[in-house]
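For reference, the structure I am asking about is given below.
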Amino acid sequence: MTARQVSPTGLDRYRRARFGMFVHWGLYALHGRGEWDMFESRTPVTEYERLADRFEAERFDAREWVDLAEAAGQRYMTVTIRHHDGFSLYDTALSGFKSTNTPFGRDVLGELAQACSGSRVKLGVYVSLIDWHHPAFRFREKSKLAWEDYVGFLRGQVRELCTQYGELGQIWFDGEWPHSAWSGEHADWFAPGGVVRIPGALRHGPPPPARRRGPQQP
């Protein structure tokens with residue numbers, strides 16, 4: 001049984017919006033590949049980090065994105081602010097692996113939030129529950145960090161997103177797939193070290209039983 005983790009008002013607004021844009025963008029674009037590139041190519045963290053030194057996007061225009069969405073009749077835009085590779089497209093205080101620490105040097109989310117303000121397009125963010133870059137997700141034995149350190153980081157980022165960029169139309173959590181073979185076959189990349197307990201679930205009902213936590217077949 002699926003647990004609905006949204007308020008009735010939010011769900012109604014999402015259904016009425018009907019048409020929106022989902023944007024995948026990150027360091028993997030430098031390889032001309034999708035957002036799973038780090039895993040699929042088995043790129044070590046130190047090597048993947050070097051992509052940030054080449055991340056430039058001088059033609060990025062948040063207003064142009066929002067105007068295009070609005071002209072097409074779209075009512076929301078959800079952007080992969082941090083995908084599984086751990087690179088953040090906003091000026092998070094919790095990680096140095098972010099767009100503001102690249103030659104690009106800009107806060108993508110901040111510019112999109114400003115562009116969406118006053119428009120008919122609601123801004124949403126995608127947040128991965130997986131982080132192949134964070135030492136408390138994949139490298140706890142080596143880093144001596146605990147799973148709770150990663151959960152604290154995840155919750156801290158959600159808190160930043162919810163308090164520093166105005167009203168968000170939605171937060172799209174991804175990366176918790178109960179019963180997925182990935183957690184066994186590629187445990188060093190996907191297996192969680194404990195329960196995430198998505199913040200939204202705490203507001204709108206209890207989390208699923210512990211036995212149902214973890215990755216599922218995609």
Side-chain angles (χ1 to χ4, degrees), residues 5 20-57 60 62 65 76-102 104-113 123-139 150-162 164-165 168-177 180 182-183 186-193 196 198-200 214-216 218:
Q5 299 171 353
M21 181 187 297
F22 206 106
V23 180
H24 281 72
W25 187 27
L27 295 182
Y28 44 84
L30 291 167
H31 283 167
R33 300 171 186 158
E35 64 280 359
W36 283 57
D37 176 49
M38 184 181 181
F39 165 71
E40 291 174 344
S41 62
R42 300 302 194 275
T43 306
V45 168
T46 53
E47 181 179 337
Y48 196 84
E49 285 177 331
R50 288 198 288 271
L51 289 175
D53 297 332
R54 297 166 42 208
F55 189 68
E56 299 182 23
F60 169 67
W65 283 23
Y76 65 89
M77 177 188 297
T78 301
V79 184
T80 54
I81 292 305
R82 180 176 60 78
H83 215 291
H84 305 334
D85 63 357
F87 182 70
S88 296
L89 285 176
Y90 77 102
D91 193 22
T92 175
L94 302 176
S95 172
F97 197 43
K98 56 186 178 178
S99 60
T100 52
N101 279 351
T102 68
F104 177 51
R106 289 156 58 186
D107 185 325
V108 173
L109 182 60
E111 293 184 30
L112 285 170
L123 179 61
V125 294
Y126 166 109
V127 179
S128 173
L129 301 179
I130 290 170
D131 192 321
W132 298 326
H133 177 269
H134 199 286
F137 187 88
R138 288 185 58 203
F139 309 105
Y150 177 68
V151 174
F153 162 76
L154 173 62
R155 286 174 174 264
Q157 283 210 318
V158 172
R159 188 175 299 109
E160 288 178 330
L161 296 170
C162 290
Q164 298 178 17
Y165 293 92
L168 295 178
Q170 62 173 307
I171 299 180
W172 185 292
F173 291 111
D174 180 35
E176 189 171 59
W177 310 299
S180 172
W182 293 333
S183 62
H186 308 289
D188 54 335
W189 289 82
F190 293 101
V196 171
I198 303 169
Q216 74 186 359

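Throughout, residue positions are numbered sequentially from 1 according to the sequence presented. The model shown is predicted, which means the values in this text are computed figures rather than measured ones.
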- Give a yes/no verdict on a cation-pi contact between Arg42 and Phe39, requiring under 6.0 Å between NZ or CZ and the six-membered ring centre and an angle within 45° of the axis. yes
- Message: Looking at every heavy atom in both His84 and Tyr126, which two are closest together, and how far apart are they?
- Response: CE1-OH, 3.2 Å
- Task: Kindly determine whether Asp85 and Tyr28 satisfy side chain to side chain donor-acceptor pair (under 3.5 Å), including the steps that lead there.
- Result: CA-CA 9 Å; Asp85 63 357; Tyr28 44 84; over 6 Å; no
- Using distance alone, with no hydrogens and no angle criterion, decide if Glu35 and Thr80 have a side-chain donor and acceptor under 3.5 Å apart. no
- Task: Inspect the surroundings of CH2 in Trp172 and state if more than 12 heavy atoms from other residues, nucleotides or ligands are less than 6.0 Å away.
- Result: no
- Task: Before giving the answer on side-chain contact (heavy atoms from CB on, under 4.5 Å), spell out for Leu89 and Phe104 the whole-Å C-alpha distance, their side-chain angles and the decisive distance to 0.1 Å.
- Result: CA-CA 11 Å; Leu89 285 176; Phe104 177 51; 6.0 Å; no
- Message: For Tyr90 and Gln164, which I'm curious about, is there any donor-acceptor pair between the side chains at under 3.5 Å?
- Response: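 No, no side-chain donor-acceptor pair sits under 3.5 Å.
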- Query: Can any side-chain N or O of Gln157 pair as donor or acceptor with the backbone N or O of Thr92 at less than 3.5 Å?
  - Reply: no
- Query: Once you round to the nearest 0.5 Å, how far does CZ of Phe87 lie from CG of Leu51?
  - Reply: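 One gets 9.5 Å once the value is rounded to the nearest 0.5 Å.
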- Flag the pair Phe173 / Val196 as yes when at least one side-chain heavy-atom distance between them is below 4.5 Å, and no otherwise.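 Result no, sub-4.5 Å side-chain heavy-atom pair not found.
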- Task: Kindly indicate whether the side chain of Leu129, heavy atoms from C-beta on, has any atom under 4.5 Å from the side chain of Pro192.
- Result: no
- Query: How about Trp65 and Val23: do any of their side-chain heavy atoms sit closer than 4.5 Å?
  - Reply: yes
- Task: Enter the distance from His83:NE2 to Asp37:CG here, rounded to the nearest 0.5 Å.
- Result: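 Between atom NE2 of His83 and atom CG of Asp37 there are 12.0 Å.
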- Message: Measuring only between side-chain heavy atoms, which start at C-beta, is Tyr48 closer than 4.5 Å to Leu27?
- Response: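 Answer yes - side chains close enough.
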- Judged by atom type as modelled, is there a donor-acceptor pair below 3.5 Å linking the side chain of Arg82 to the main-chain atoms of Ser128? yes
- Item | Any donor-acceptor N/O pair, Trp189 side chain to Trp132 backbone, under 3.5 Å |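 No: the side chain of Trp189 does not pair with the backbone of Trp132.
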- Enter the distance from Arg50:CZ to Thr43:OG1 here, rounded to the nearest 0.5 Å.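 One gets 10.0 Å once the value is rounded to the nearest 0.5 Å.
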- Item | Nearest-0.5 Å distance, OG of residue Ser88 to CG of residue Asp131 |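 Going from the OG atom of Ser88 to the CG atom of Asp131 covers 7.5 Å.
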- Taking all non-hydrogen atoms of both residues into account, name the closest pair between Ala57 and Trp25 and its distance.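 Scanning both residues completely, I find the closest heavy atoms to be CB-CZ2, 3.6 Å.
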- Between CG of Leu94 and CZ of Arg155, what distance do you get to the nearest 0.5 Å? 13.5 Å
- Message: Show the nearest heavy-atom pair for residues Met38 and Ser41, with the distance to one decimal.
- Response: O-OG, 3.7 Å
- Note on the structure: Sorted by chain and number, sequence neighbours left out, side-chain contact (heavy atoms from CB on, under 4.5 Å) with Ala136 holds for His134, Leu145, Asp149, Tyr150
- Between the main-chain N or O of Asp91 and the side-chain N or O of Asp107, is there a donor-acceptor pair closer than 3.5 Å?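 Side chain of Asp107 to backbone of Asp91: a pair is present.
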- Message: Using side-chain heavy atoms (C-beta onward) and a distance below 4.5 Å, is Val45 in contact with Phe139?
- Response: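 Yes, side chains in contact.
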- Query: Minimum heavy-atom separation for Ser183 to Ala191, with atom names?
  - Reply: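 Between these two residues, the closest heavy atoms are O-CB, 3.6 Å.
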- Would you give the length of the straight line joining atom OG of Ser99 to atom CG of Leu109, rounded to the nearest 0.5 angstrom? 9.0 Å
- Task: Determine, using ring centers only, whether Phe190 and Trp36 are less than 6.0 Å apart.
- Result: yes
- Message: Determine whether a donor-acceptor pair (N or O, by modelled atom type, separation under 3.5 Å) exists between the side chain of Arg138 and the backbone of Pro135.
- Response: no
- Message: Side chains of Leu112 and Phe60, heavy atoms from C-beta outward: is any pair under 4.5 Å?
- Response: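 A side-chain contact under 4.5 Å exists here.
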